[in-house]
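Okay, structure first, notes after.
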There are 2 protein chains.
Amino acid sequence: MARLKEFDEDRALDAAIDCFWSRGYEATSVRDLAREMGIGGASLYNAYGDKRSLFARVLERYANGTTRERIARLEASHPPREAIRAFLAEVIDRSLKDPDCKGCLLVNSAIDVAPHDAELGRVVAAYLEEIRAFFQRMVEAANQAGETPRGTDAHALSLHLLGVLMGMRVLARTGARRRTLEAVVRPALELLGRPH
Amino acid sequence: MARLKEFDEDRALDAAIDCFWSRGYEATSVRDLAREMGIGGASLYNAYGDKRSLFARVLERYANGTTRERIARLEASHPPREAIRAFLAEVIDRSLKDPDCKGCLLVNSAIDVAPHDAELGRVVAAYLEEIRAFFQRMVEAANQAGETPRGTDAHALSLHLLGVLMGMRVLARTGARRRTLEAVVRPALELLGRPH
DNA sequence: ATAATTCTGGAGCGACCGCACTAAAATTCG
DNA sequence: CGAATTTTAGTGCGGTCGCTCCAGAATTAT
């Protein structure tokens, strides 16, 4: 029927993730994207539509490969409180390991895309809500196991944890050290109760 | 000696603050700035230098008129724990009142300017450090007054409060409601001890 | 092979970017 | 007043922006 694509759409999307992640939406040009993705401008528009549509695809792939993957992996392999601890510890580790201090693409997008694009804003908010819901599930499970202090409100605590996570991502982007990030997170973890 | 300026530099700077605040650094053009500031392009370059220098002036004026003003006012008029409470409450109120969800210019800049401009990044980090130092002073004063729980670490708690503040600003930018923002903050306030 | 279809690199569109330059207008000095 | 100085509006430079179009290359169905 027709000629086959010469590039791997997923690999190219990963390159696009890196572009938007490190430079932000506005500051990333379509030419930058095409070069880093290893394709021509026409192929980019043919495969993904315009810049904004590509960004939406990038957000989705980032969320699937980073946030959702982490949630699913930790939720399956850890007891509830430890899943939350491991989630935050892993974010700290990855934040410190990244020499570019790129932070979290979702958080960056919440700041510089969401306010100017209501639709993308709702997409970003929905991904953040998934993280919050993970926290809430874990707190509820810990509540039922009697591991948390009496009267722990799972919904309220999940919001606090989400806020702390967002804040940590902001501070990480300014080059915060491990001590700093751990001090930001520690009081939130202590609300979950001391480990056995 | 020479002709006098026809515009008020401070008023023009306020207009520039609004531009950078609502659109971000990259997405704001010098022509946008000149139009909103009510001056010509030549006057802008004559008075403030290039775009980046203007942005540095904007950051300074924003910090003086918003962050430092709030710190000085609340530190002078409230006891230490209430100063922290009032600070966060005021940020929530202003975040909700703003129909554009502009958030905080310093937080926005930490995300989309700091990583690409080391010098401006240090400026932003220094302003955030001023906020953290305010939190630490207040916690230390509350510690000395015996109002806080035993063993409260002022430095560690100030970092947590700063992180929570940053996180709240991110969530506010995605259109979070009052209930959400208050739930994010409440556990941090409870670490300060129950009010009398 | 031929026709049909899709992908590819490259050129180029109009618009806008940050910034610099010029000449006229306005002001304060001698 | 005339000279000096600085701001002003306007114009335009070289470059980049997002995006489109096109001719040719590559592939499959017939």
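Note: hydrogens, waters and symmetry copies are ignored here, and every other heavy atom, side chains too, is used. So that the names make sense, note that chain A is the first sequence line, chain B the second, and so on, each numbered from 1. This structure is a prediction, so every number in the text was calculated from the model and none was measured.
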Which nucleotide in C:dC19, D:dG10, D:dT7 has an atom nearest any side-chain atom of B:N46: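 Of the candidates, D:dT7 comes closest.
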Of the residues in residues 17-37 of chain A, which ones touch DNA chain C at a heavy-atom distance under 4.0 Å? A:R31
Identify, with sequence neighbours excluded, every residue that meets side chain to side chain contact (heavy atoms under 4.5 Å, CB included) alongside B:A188. A:H160, B:H160, B:L161, B:V164
Can you list everything that forms a side chain to side chain contact (heavy atoms under 4.5 Å, CB included) with B:S53? Sequence neighbours excluded, please.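 B:S53 satisfies side chain to side chain contact (heavy atoms under 4.5 Å, CB included) with B:D50 once adjacent residues are dropped.
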If you look only at pairs with a residue in [range], which of them pass as a ring-ring contact (aromatic ring centres under 6.0 Å, His included), with sequence neighbours excluded?
| range | value |
| --- | --- |
| residues 66-92 of chain A | A:F87-A:F134, A:F87-A:F135 |
| residues 100-133 of chain B | none |
| residues 26-54 of chain B | none |

Output all residues satisfying side chain to side chain donor-acceptor pair (under 3.5 Å) with A:Q136, sequence neighbours left out; order by chain, then residue number. A:R132, A:E140
Please identify each residue that fulfils side chain to side chain donor-acceptor pair (under 3.5 Å) with A:N143, with sequence neighbours left out.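 Side chain to side chain donor-acceptor pair (under 3.5 Å) check on A:N143 returns A:T148.
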Does NZ or CZ of B:K51 lie under 6.0 Å from the centre of the six-membered ring of B:F20, at an angle within 45° of the ring axis? no
Whole-Å gap separating [atom2] ([N]) and [atom1] ([X]):
| X | N | atom1 | atom2 | value |
| --- | --- | --- | --- | --- |
| B:L44 | D:dT7 | CG | P | 13 Å |
| A:I39 | C:dC7 | CD1 | P | 12 Å |
| A:K51 | D:dC19 | NZ | P | 8 Å |
| B:R52 | C:dC19 | CZ | P | 11 Å |
| B:Y45 | C:dC19 | OH | C1' | 5 Å |

Compare side-chain N and O positions of B:S43 against OP1 and OP2 of D:dT8 and report whether any pair is under 4.0 Å apart.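 Answer yes for this pair, as a side-chain N or O of B:S43 is under 4.0 Å from OP1 or OP2.
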The bend of the helix from C:dA1-D:dT30 to C:dT28-D:dA3, taken between the axes of its five terminal pairs at each end and rounded to 10°, is 0°
